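Computed from a prediction, not measured in an experiment: that's the story for all the values here. Lettering follows sequence order; numbering is per chain, from 1.
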Protein chains: 2
Amino acid sequence: MAIKAKPRMRVDQERLVEAAADLVNRNGLDNLSMNELALALGVRTPSLYSHVEGLDDVRRLLALRGLENLDRYIARAALGKSSDAAVRAIFLAFRELALASPGVYAAALPTAPRGDREWNAAKDQVTKTILTVLSGYGLEGDEEIHVLRGLRSIAHGFVSLETSGALKNPVDRDESYEWLIGAFLTSLNELKKSKRKTRKGGGKS
Amino acid sequence: MAIKAKPRMRVDQERLVEAAADLVNRNGLDNLSMNELALALGVRTPSLYSHVEGLDDVRRLLALRGLENLDRYIARAALGKSSDAAVRAIFLAFRELALASPGVYAAALPTAPRGDREWNAAKDQVTKTILTVLSGYGLEGDEEIHVLRGLRSIAHGFVSLETSGALKNPVDRDESYEWLIGAFLTSLNELKKSKRKTRKGGGKS
DNA sequence: TTCATTTTCCTAATATGATTAGGCTGGAGA
DNA sequence: TCTCCAGCCTAATCATATTAGGAAAATGAA
């Protein structure tokens, strides 16, 4: 009379992070707890410690996943496009991904701890991908960094206001974002143009 | 032989919030705890509950203080300046204040809970102040909201990257911010200009 | 298959931080 | 001086993270 054998839950890190991602996307990063996570996985809380070091580790893994997703996503979006089209694609992809998984996005934001190679590398990879796209503009010296920061500020700023529910006005948010992208591109091309002039004319002021 | 009388600490909400502000500016909003706060005030932890409802309440009070400071600060910065100068002043004041008190700034970011009149009003007040400055540009319809969102996105985006330590590159951050402000102003004036044309020419498309 | 090893789960215990309960007291005002 | 209360305290409760130590399933070699 077959006693119901206790079915092992076969949690592994992959599954765990998956479940954590679901939870944070639904309930927000701040509400992630080991208890909820264990519940979602059908396992007692201490069992999680076989797979991760603790809550911080879960958040770190979410950050890694978020950064990897982001890099892959924007790289693909920009693929085969040039200059303005590519930059625009990055902006749109960034927002799309963040809106689709706001919790994971939030997890990816914090600064990586000094010593954490892997986390820092994941951040650098995203930066590199963006810089590759910007390289088409022939920016010189610090300009590249200014522009990179500008792109990040705009994308992150808009999206984080949006995901935090700060943009309550019914006015279409897509249009607002487009306006910002337009402003960014205008100034970026201005930079490019002035460069051409400079090259012909003489030294820069 | 005068037994040392136990000196009452005379905590009040004002002092409490003051101390909390110091702590979060030094240690980050996430590390604020009732224990630390009580310690800073020279009082046992449960005593704090005479003055605030709990940790959430402390954070709420910090948010209120942050928003009030912000409104006052940017209003003053823009005072007596017109158009571009005023907008630029707002951008700079925003960043200056946030860098000077990053913890309080972080506290001011979260969305106010639905029912909280006071908190929502404080946010609205900041919005209104900015809109007043933007009113000089004669924006029409949704444009005003797009521009407002743009300003907030840029200021918040840049500053939150900066305070979270994300801008590690040695390149001068002031210049990066200036580049962004420039981009914003350029597009804002473009909007204004096109309006003049439109007004002469005919209806808007 | 059988047995030893490893993995993964469990219960029980500990630690820390928030919060509540309830009592004591200094000091303001009658 | 007496009364009363705001504001402090200790003790207790609760929730969550984490550790300790043990049992059983899974794995893999003989």
Inset, instruction - Could you tell me how the ring of B:F91 sits relative to the ring of B:Y177: parallel (under 30°), tilted (30 to 60°) or perpendicular (over 60°)? - result: perpendicular

Legend entry - side-chain N/O B:R44 vs C:dC24 OP1/OP2, d < 4.0 Å: no

Legend entry - Rounded distance (Å) that lies between atom C1' of C:dA18 and atom CG of B:L37: 13 Å

Legend entry - Atom pair distance, as rounded to whole Å: CE in B:M34 and C1' in C:dT20: 12 Å

Inset, instruction - Could you tell me the separation between the CG atom of B:L32 and the P atom of C:dT16, rounded to a whole number of Å? - result: 19 Å

Legend entry - Close approaches to DNA chain C from residues 45-63 of chain B, in residue order (heavy atom, under 4.0 Å): B:T45, B:P46, B:Y49, B:G54, B:L55

Legend entry - Residue pair A:L16 / A:L61, side-chain heavy-atom distance below 4.5 Å: no

Inset, instruction - Rounded to 10°, tell me the angle between the two end axes of the helix from C:dT1-D:dA30 to C:dA30-D:dT1, each built from five pairs. - result: 10°

Inset, instruction - Output the single nucleotide from D:dA17, D:dC9, C:dA18 whose closest atom is nearest the side chain of B:S33. - result: C:dA18

Inset, instruction - Write down the distance between CG (B:D30) and P (C:dT16), rounded to a whole number of angstrom. - result: 20 Å

Inset, instruction - Considering only NZ, NE, NH1 and NH2 on the basic side and carboxylate oxygens on the acidic side, decide whether B:R60 and B:E53 come within less than 4.0 Å. - result: no

Inset, instruction - Nearest whole angstrom, please: distance from the P of D:dA15 to the CD of A:E36. - result: 13 Å

Inset, instruction - Inspect the contact between B:R65 and B:E18 and indicate whether a charged nitrogen and a carboxylate oxygen are less than 4.0 angstrom apart. - result: yes

Inset, instruction - Indicate yes or no: does B:D124 engage B:R117 in a salt bridge with an N to O separation below 4.0 Å. - result: no

Legend entry - Within 45° cone and under 6.0 Å: B:R149 NZ/CZ vs A:F158 ring: no

Inset, instruction - Could you tell me the separation between the CZ atom of A:R10 and the C1' atom of C:dC10, rounded to a whole number of Å? - result: 16 Å

Inset, instruction - Grab the CZ-P distance between A:R15 and C:dT8 for me, whole Å please. - result: 12 Å

Inset, instruction - Answer yes or no: is there an ion pair linking B:D174 with B:R95, defined by an N-O contact shorter than 4.0 Å? - result: yes

